[in-house]
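Here's the structure we're looking at; comments come further down.
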Amino acid sequence: MTRKTIDCRQYPSESNCSIAISADSEDEVVEAAAQHAVQVHGHQDSPELRAQLRQGIKSGETAAA
């Protein structure tokens, strides 16, 4: 199974945020990343923000359980 991940370090910010968010689906990652962007970075939640976040998602193998 592959995990979907988005990493704040890919986006320049004044706070130099180092949060990475992972989940099994793109929708879960986008939802969590949008909440983080609004609460921590002061962005407005919008379709444009979510589209930008979706573009930054990377896929990778999960660690063995």
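Residue numbers start at 1 and run along the sequence shown. The shown structure was predicted, so the numbers you read here are calculated from the model rather than taken from an experiment.
- Arg50 meets the salt bridge (Lys or Arg N to Asp or Glu O under 4.0 Å) test with Glu31, Asp45; sequence neighbours excluded.
- The two residues Ile6 and Ala33 come nearest to each other via the heavy atoms CG2-CB, 3.8 Å.
- Shown here are the ring-ring contact (aromatic ring centres under 6.0 Å, His included) partners of His43, two or more places apart in sequence or in another chain: there are none.
- Side-chain contact between Val29 and Thr5 is absent, with no heavy atoms from C-beta onward closer than 4.5 Å.
- Taking a cutoff of 4.0 Å between a charged side-chain nitrogen and a carboxylate oxygen, Lys4 and Glu28 do not qualify as a salt bridge.
- No more than 12 heavy atoms of other residues, nucleotides or ligands sit less than 6.0 Å from atom CD of Gln44.
- The shortest distance between side-chain heavy atoms of Glu14 and His41 does not fall below 4.5 Å.
- Contact record, Cys8 with His36: SG-NE2, 3.4 Å, taken as the closest heavy-atom pair.
- Nearest approach of Ser18 to Arg9, heavy atoms of both residues: CA-CG, 3.7 Å.
- Checking side-chain atoms of Arg3 against main-chain N and O of Gly60 turns up no donor-acceptor pair under 3.5 Å.
- A single hydrophobic cluster is not seen to contain both Val38 and Ile21; linkage of ILVMFWY side chains at heavy-atom distances under 4.5 Å, directly or through other members, places them apart.
- Connection of Ile57 to Ile19 is established within a shared hydrophobic cluster, with ILVMFWY side chains joined at heavy-atom distances below 4.5 Å, either directly or through further cluster members.
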